[in-house]
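Can you keep this structure in mind? I'll have questions shortly.
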Amino acid sequence: GGRKKIDFSIVVDHIAPGAFGEYWYIRKGRGKGSPQIRRSVQKWRMPAIMGWAALRVARTLIYVGLVLPMCWMVARICRYSERGARDFLPFLWAWLIEQTAFHVGEWESIADILRAERARPATA
C-alpha cells in the first residue's frame with residue numbers, strides 16, 4: 001500500500017565485486033531470498049512459489065531467445081555508463097550472469113524449503 005517516491009538527491013554507492021565467483025554468490029543469494037519471503041512472510045503455497053519461479057525462468061529464456069528486448073534493456077543501461085555503447089557487451093554478459101545466478105539461487109531455495117518441510121514432523 002506504499003507510494004513510490006523518487007528522490008534523485010539520494011546517492012547510494014554500490015561496490016561491484018571484483019571476481020566472478022563473488023558476483024555469482026551475491027546474485028544467487030538474492031535469488032534464494034525470494035522463495036523464503038514468499039513462503040514464510042507472504043504465506044504462498046509451494047506450487048505457487050514453484051510456478052512463479054518457473055515463469056521467471058521462462059521470461060529470461062524469452063528475453064534471451066528474442067534478443068531484441070535484452071539488447072534494448074542493456075542499451076538503456078549503457079546510457080548511464082561513462083563508456084556508453086562500448087560497455088554494451090560487458091553489460092550484456094553481466095545481465096545474463098545476474099539472471100542465471102538469481103534463478104539458480106531461487107531454485108536452490110525452493111529445494112531447501114521442500115527439504116525442511118518434509119523433515120518437519122506432521123502436526124495433528
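Keep in mind that the numbers below use all heavy atoms, side chains included, and drop hydrogens, waters and symmetry copies.
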Next on the checklist: Are V104 and W107 connected into the same hydrophobic cluster when the rule is that any two of I, L, V, M, F, W, Y join if their side-chain heavy atoms are below 4.5 Å apart?
Outcome noted: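 Different clusters: W107 never reaches V104 through Ile, Leu, Val, Met, Phe, Trp or Tyr contacts under 4.5 Å.
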Checklist entry - Roughly how far, to the nearest 0.5 Å, is the OG atom of S81 from the CZ atom of F91? => result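 Spacing of CZ (F91) from OG (S81) equals 4.0 Å.
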Checklist entry - Between S109 and Q36, is any side-chain donor less than 3.5 angstrom from a side-chain acceptor? => result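 A pair is found: one side chain offers a donor N or O, the other an acceptor, under 3.5 Å apart.
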Checklist entry - Looking only at heavy atoms, what is the nearest atom pair of S34 and F102, with distance? => result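 For S34 versus F102, the nearest heavy atoms are OG-CZ, 3.3 Å.
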Item to check | Single-linkage hydrophobic cluster L96~L66, side-chain heavy atoms < 4.5 angstrom | outcome: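 L96 and L66: separate clusters.
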Checklist entry - Quick one: does F88's side chain get under 4.5 Å of C71's, heavy atoms only? => result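 Touching, per the 4.5 Å side-chain cut-off.
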Item to check | Separation of R115 CZ from D112 CG (nearest 0.5 Å) | outcome: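 Here the interatomic distance stands at 4.5 Å.
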Item to check | Side-chain donor or acceptor of T60 paired with backbone N/O of R56 under 3.5 Å | outcome: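 Flag set: sc T60 to bb R56 pair under 3.5 Å.
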Item to check | Straight-line distance of F20 CZ to I97 CD1, nearest 0.5 Å | outcome: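 Result: 4.5 Å between the selected atoms.
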Item to check | Geometric cation-pi criterion R39 and W44, 6.0 Å radius, 45° cone | outcome: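 R39 over W44 ring: no.
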Item to check | Joint hydrophobic cluster, I113 plus I37, side-chain heavy atoms closer than 4.5 Å | outcome: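 I113 and I37: separate clusters.
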Checklist entry - Which atom names give the shortest non-hydrogen contact between M70 and L92, and what distance separates them? => result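 Result for this residue pair: CG-CD1, 3.6 Å.
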Item to check | Aromatic W72 / basic R76 pairing, under 6.0 angstrom, 45° off normal | outcome: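 R76 over W72 ring: yes.
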Checklist entry - Any link between I62 and V57 through a network of hydrophobic side chains (Ile, Leu, Val, Met, Phe, Trp, Tyr) touching at under 4.5 Å? => result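 Cluster IDs for I62 and V57 differ.
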Item to check | Remaining members of the apolar cluster that contains Y80, side-chain heavy atoms under 4.5 Å | outcome: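 Same cluster as Y80: nobody, lone residue.
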Item to check | CD1 on I49 to CZ on R45, rounded to 0.5 Å | outcome: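 Rounded to the nearest 0.5 Å, the CZ-CD1 separation comes to 10.5 Å.
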Checklist entry - Would you call K28 and E98 a salt bridge, using N to O less than 4.0 angstrom? => result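 Looking at E98 together with K28, the answer is no, because their closest N to O distance does not fall below 4.0 Å.
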Item to check | Euclidean distance, L61 CG relative to H103 NE2, rounded to 0.5 Å | outcome: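 One gets 7.0 Å once the value is rounded to the nearest 0.5 Å.
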Checklist entry - Taking all atoms of both residues into account, what is the closest heavy-atom pair of Y63 and P69, and its distance? => result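 Heavy atoms of Y63 and P69 come nearest at CD1-CB, 4.3 Å.
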Next on the checklist: Please determine whether the number of non-hydrogen atoms from other residues, nucleotides or ligands lying under 6.0 Å from atom CH2 of W52 exceeds 12.
Outcome noted: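 No.
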Item to check | Residue that, paired with E106, satisfies salt bridge (Lys or Arg N to Asp or Glu O under 4.0 Å) out of R27, R38, K32 | outcome: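 Looking at R27, R38, K32, the match for E106 under the salt bridge (Lys or Arg N to Asp or Glu O under 4.0 Å) is R38.
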